Each structure stands twice: as C-alpha cells, then as structure tokens.
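Beneath this line is the structure, given in structure tokens, with notes to follow.
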Amino acid sequence: MHQRVVQIVREEMNAIGGQEMLMPVLQPAEPWRKTGRLEIEALFKLTDRKGSELVLAMTHEEAVTFHVAQVVRSYRDLPLILYHFQVKERDEPRPRAGVLRTREFIMKDSYTFDRDRAGLDERYELHARAYGRICDRCGLEWYKVESDVGMMGGHGADEYMAPCAAGENDVALAPGYAANVEVASADAQPVQLPPELDGPQRVHTPDATTIEALVGQLDVPAGATLKAFPVIVDEDAMKLVVVRGDHRVNEIKLRTALGAPFRAAGAQEIATRLGPPGYIGPVGAQLPILLDAAVAGNGAGSYVAGANEADAHLRGVKPGRDFPYETVDVRAVVAGDTINGLEIRIEPAIEIGNIFKLGTRYSEPLGATYLDESGTAQLVWMGSYGFGPARAAAAAVEQNADEQGIAWPRAVAPFDVELVALGKPGTEERSFAESLYAELQDAGLDVLYDDRDAGPGEKFADAELLGCPLRLTVGRRTLGAGEIEVQVRRGQQQRTVPVDGAAAAVAELWRTLS
RNA sequence: CGGGGAGUGGCGCAGUCUGGUAGCGCACCCGGCUGGGGGCCGGGCGGUCGCAGGUUCAAAUCCUGUCUCCCCGACCA
C-alpha cells in the first residue's frame, strides 16, 4: 500500500509539471553550514575515513538548491518543479508510535523555483490543489490547516491533517477555520471579573502557590487571576509573560511572538529578579511585560495577581494602570473558544503533508540566482512541499479499522480482492477457485489467493485482518447453488454472484467502492 | 533529559521475591481425523535465560556494571 500511495502522489506531481529525480541522503556538511542548519540537533552528523564532515539529510533543501544554483542561469529556465521519493534521517529525541515517528522514513519532497513571490504563490497553489487530490484519492478524511513555519523558515505554511485518535498533533477547527494549535488564535470564553478598585490591594494568601489554591481562598474564577511565566530570551534578557489564570502558554506561539529562542526561568532566577516562585506578578516587576491578548482586550473589572512577596497577592489589578505591557497572543486555544462567534473544537490528527513558502531562505546562502531580462542577477524564490506515504497509509488504517482489522480504502489496499478457497486441496471448489483466480486477474484486479491448507475460520479472520475491499469465498455449499459469495469488507455485508460471469460482476462491484 | 516497565526456544509468557533437574500456550515437523468462523487425537524438534564481571558448593534467580526495547512526560528545524 505504500507503493500505491507513492504512485498516486507521483501521478499528481507529474500532473502539475513536476519532474521526478533522486538526490543523495549522504551529503557533504558544507551547504548545511552555509544555511545555518548544521546546528540542528535532529541532524545526523558523521565523518568519513579522511575526516570529511558529512550529514544524513533530514530534508533536501540544501542539495536541491545547490543543484539548481549550478544549472539555472536565466529567467528562461524558470519556473521549475523538482521532486523525489527518498529516505529522510532524523535523530528524533524519542522515536515512537510505530510508523508515525521514526528515525528513518520515506518522504516525497518537492521543491519549486520561481523568479518572484507571485510565481511562488502560483506554484504553492498548484501544490495545495494537488495535495487535496492526493488526500481524496487515498480515501482519507482530511483538512488543510495553518501551521508554524518551524525549522524551514519562510513566509507561510500549511499542513494536511488526517483526523484520528492516534494523531500526535492537535488541530483547532471551526466552520471556516482550521489551524494547528501551534498557531491557532481564537476569542477566549468570557469570564466574570471582580469590580474595579482605586488601586491594587494586598491580600494574605498563605500556601496559594497555584491558581487552584488561590481560587479556593479568594472566591474568584480562575479566569480572573493572572498567571505569570518568566522566560529567559536568547539566554540573556528576562521577560514576564502574563496570561489569564485559566489559560496556558503555548510555547510555539510564544517563540513566534518573541522571535527568538527562550527557556523558562529557573527558580533561583525568579527569586532574584522578582520574588518567591508561586507569588510573582506583573505589578512592580522591573521587566518587560508581555500580556496575552485574552487579558489585554478586557475593559471593565480587575484581576488578582501575585504580589512578588511570600503569601500575598494583589486584588484590583488593572493592566495599563498598574503595570505597562505589550500585547501578545501566546495562549493555547481551548475547545469552546470562538472565532467569528463560532465555537472551536480541538481534534487530534496525523500530519500527512506540509507545504512551505521558503522565499529566498535557501537561495541566498547557497547563491541560487538567475539573470532577469535586464541581465541583473536575482535570487530564486523557492517553495518546499513534503508528503509522507507511510503516514497517509497509517491514517487510512486508523480511519477505517474495526474490531476485525483494517478496511482499506480501495485506492490504497494491498490487493483489490482476497479469494478464499475452502475445502481440501484437490476438491472441486479448489479447482474452481483456481480458474476464478485467473479470470479475476484477467479482469484487471489484483488478487490475493488464499489456497492454504487451513480451516475456514482461520482464513476468514486473516482476510478481515488484512482488509482487502472484497473477499470472495468459494465453498462447496454455495458452489452447489451455482454461486460464489462476496463480502464487502467495510460494513461486512454479504452477497452472492452467479458463477457465470462472476469475475466481471466482481470487477463491476469493486468499481463502485470507495 | 525526567519517570516507569521489560529482556527466558520462532512468537507470547510463567519461573526471579525465598539460589538446587528451565516450563506453558501458540507456531513448526511427522501420522491420522475434520473441512463455512482460528476444530481434534497421538508422536516429535527446538532455549549459552540480553551482555560482562562478582558472590556461592551451586545463579534465569542475589550483587555491580552495561546494552537494547517499550510506555508516560519534556522535546520534536
């Protein structure tokens, strides 16, 4: 089924003008140094016997850009769509989840090369449509979501997600909206705030180092408290991120907002710069304060915040009046938040593909330029597009399995039909099954023929586990009635077809399946 | 990186606490029965107990080290 997915992808890539090629996995380290990606922890690095530095490629931007830089000279050489199916190697912190997260996997990656942003947008759109067709043809339930650009850098990215319980990503969905929670943004559910005061008032709150404990003591909703999250940006400056007490910081959104790497501040750093951990807050903090939009947007009312001293909080805190801030959107959205007044839900999903607008992120460091009509050198505008056949197959399994096993979509099933012959070898039903096997193949079907000397129960159970769309049974009972039995795997409805013209009837039935 | 678990015939496991003849199911091989939901009877093959050291008369079992795998979390360019 991996090869069936591959062939679907290949056809759709060719249909948008892609040229298939093959690039090496083992590559010199130098181009990776030039793009700054040699530092990536997940990149396998090694040396050969002469001590030359090599890497095992995790994607192929460096290789393809280097290649294009050699070959493309003129605007007349563009646009270009190149792709290949190749092994990717990634030193994952923790490989897991079977086929979903492995150190080594095959990915289709394509790369587009254009003379400008408008060309890139065109090539990107071609891929978006091709990916939609690929997902449909693979029989998947899927959606396209906005995503974080992550390690790739660049100007925008979307992911293709197949919802299922085994998924490792969470996606926020509302009518007309779909985004990975790493970038999702929504309107928070409203909260009843305590009335305003003339200024912050200190309240005694022993052992209230968690929002839960604090809420228990003060009788205010968690959403009326402020949670302070001190971070060290670039191993240098400390900043204080503040979100509503009932919200959580999403670290990907925060990294995006900061525009730089960060880490959570340690207890000692907090104690030195602010106050006792558990009691810190924005009022009086001599730090830049980043206030989440869910707090900053509220007009009336006031909040409870840490007082930066032990066993004390402040009530009546008003952002702006009591502390200066910069507004950011860094909270993780939760189910029940709204977008345009419509509630969102959050679902797990498998990421099966992603598409990135790279721009000149790679063409610049690797010198991929062309000469325009005026003879001026210009940087090539690039896009990068990944698709994981194994993940698509995994999603097809997860979305179509039942108690008995897999129920493959027709397009990606390992075989079209499983033919089960009952009876002892040498019997009439066996010899009929032999001839039916040949006729089915002549009718253009891929057939798995179970001619093992095994009991019927064993064969039926195996057929259902494997999950071919149709199961044919040739047995003495139905054969005597001039029929063979057909089971549609999905739903497991049984029917019979006459022996005469059976192969053609089965082929016809197969065509009606999804 | 933090927490937890597991390494014993091909596969799945028991035995380890309390040291003393390595065991069970499945699979496999042989003979036979059965033949529409993993059926039955009989007879067989197959294991340096992850690895290395130590304790002991004696180690799958106790001790030390080490490797690998799995799960949860962190992380995931």
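These numbers come from a predicted model, not from an experiment. We name chains A, B, ... by the order of the sequence lines, and we start the count at 1 in each one.
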Next item on the list: Tell me which nucleotide among B/G37, B/U34, B/C75 gets nearest to the side chain of A/Glu251.
Entry: B/C75
Item checked: A/Glu92 CD - B/C1 C1' separation (whole Å) -> 15 Å
Check: A/Arg263 near the nucleic acid: base, sugar-phosphate alone, or nothing, with a heavy-atom cut-off under 4.0 Å?
Finding: nothing
Checklist line | Smallest separation among heavy atoms of A/Ile484 and A/Ala502, with atom names | finding: CD1-CB, 3.9 Å
Notebook entry, point to check: Quick one: A/Lys459 NZ to B/G37 C1', roughly how many Å, whole number?
Noted result: 13 Å
Notebook entry, point to check: With ring centroids as reference points, do A/Tyr111 and A/Tyr83 lie under 6.0 angstrom apart?
Noted result: no
Notebook entry, point to check: Which nucleotide in the set B/G36, B/G37, B/G35 lies at the smallest distance from any side-chain heavy atom of A/Ala461?
Noted result: B/G37
Checklist line | B/U55 to B/C11 separation - P atoms, rounded to the nearest Å | finding: 34 Å
Next item on the list: Among B/G36, B/G35, B/G37, find the nucleotide with the atom closest to the side chain of A/Asp453.
Entry: B/G35
Margin query: For B/A74, give the paired nucleotide (Watson-Crick: N1-N3 plus N6-O4 or O6-N4; G-U: N1-O2 and O6-N3; both under 3.5 Å), or none.
Written below: none
Check: Using atom P of each nucleotide, how far apart are B/A60 and B/A22 to the nearest Å?
Finding: 9 Å
Notebook entry, point to check: Hey, which of these two, A/Gly423 or A/Asp462, hits RNA chain B nearer its 5' end, going by closest nucleotide?
Noted result: A/Gly423
Notebook entry, point to check: When you check the gap from the basic side-chain N to the acidic O, do A/Arg33 and A/Glu53 get nearer than 4.0 Å?
Noted result: yes
Next item on the list: Go through the N and O atoms of the side chain of A/Arg471 and the base of B/G37, and report whether any donor-acceptor pair is under 3.5 Å.
Entry: yes
Notebook entry, point to check: On a whole-Å scale, what distance lies between the C1' atoms belonging to B/C17 and B/A74?
Noted result: 34 Å
Item checked: Test side chain to side chain contact (heavy atoms under 4.5 Å, CB included) applied to A/Glu30 and A/Glu62, step by step -> CA-CA 9 Å; A/Glu30 194 49 36; A/Glu62 280 77 4; over 6 Å; no
Notebook entry, point to check: Can you find a donor-acceptor N/O pair under 3.5 angstrom joining the side chain of A/Glu458 to the base of B/G37?
Noted result: no
Check: Looking only at atom C1', what distance separates B/C72 and B/U8, rounded to whole Å?
Finding: 27 Å
Next item on the list: Return the nucleotide paired to B/C51: Watson-Crick means purine N1 to pyrimidine N3 with N6-O4 or O6-N4, wobble means G-U with N1-O2 and O6-N3, both under 3.5 Å.
Entry: B/G65
Next item on the list: For A/Asp451 and B/G35, give me the distance from atom CG to atom P, rounded to whole Å.
Entry: 20 Å
Checklist line | Atom-to-atom span, CG of A/Leu466 to C1' of B/G38 - whole angstrom | finding: 16 Å
Note to self: For the C1' atoms, the ones on B/G46 and on B/G9, what distance do you get once it is rounded to whole angstrom?
What the structure shows: 6 Å
Next item on the list: Nearest whole angstrom, please: distance from the P of B/G37 to the CD of A/Gln492.
Entry: 15 Å
Next item on the list: With a 3.5 angstrom cut-off on both distances, give the Watson-Crick or G-U wobble partner of B/G25, or none if there isn't one.
Entry: B/C11
Check: B/C75 P sits how many Å from A/Asp91 CG, rounded?
Finding: 18 Å
Note to self: Determine whether a donor-acceptor pair (one donor, one acceptor, N or O, separation below 3.5 Å) exists between the side chain of A/Thr478 and the base of B/G36.
What the structure shows: yes
Next item on the list: For B/G12 versus B/G47, give the span between their C1' atoms, rounded off to a whole number of Å.
Entry: 15 Å
Notebook entry, point to check: Picking from B/C69, B/G36, B/C75, which would you name as closest to the side chain of A/Thr473?
Noted result: B/G36
Item checked: Pair assignment for B/G42, Watson-Crick or G-U wobble, requiring both distances under 3.5 Å -> B/C30
Notebook entry, point to check: Just how far, in rounded Å, is P of B/G36 from CG of A/Asp450?
Noted result: 15 Å
Item checked: Mate of B/G35 where both pairing distances stay under 3.5 Å, Watson-Crick or G-U -> none
Notebook entry, point to check: How many angstroms lie between NZ in A/Lys34 and OH in A/Tyr362, if you round to the nearest 0.5 Å?
Noted result: 15.5 Å
Item checked: Gap between atoms CD and P, on A/Glu428 and B/G36 respectively (whole Å) -> 15 Å
Margin query: What's the gap between B/G39 and B/C26 when it is taken at their C1' atoms, as a whole Å value?
Written below: 15 Å
Item checked: Same-atom distance (P) from B/C62 to B/A14, integer angstrom -> 15 Å
Note to self: Partner lookup for B/G20, please. Criteria are Watson-Crick or G-U wobble with both distances under 3.5 angstrom; report none if nothing qualifies.
What the structure shows: B/C57
Notebook entry, point to check: Can A/Lys357 be said to sit on top of A/Tyr124's aromatic six-ring, NZ or CZ under 6.0 Å from centre and within 45° of the ring axis?
Noted result: yes
Margin query: Can a side-chain donor-acceptor contact be found between A/Asp292 and A/His247 if the only test is distance below 3.5 angstrom?
Written below: no
Margin query: I want to verify a distance call: between B/G36, B/G37, B/C75, whose nearest atom is closest to the A/Glu464 side chain?
Written below: B/G37
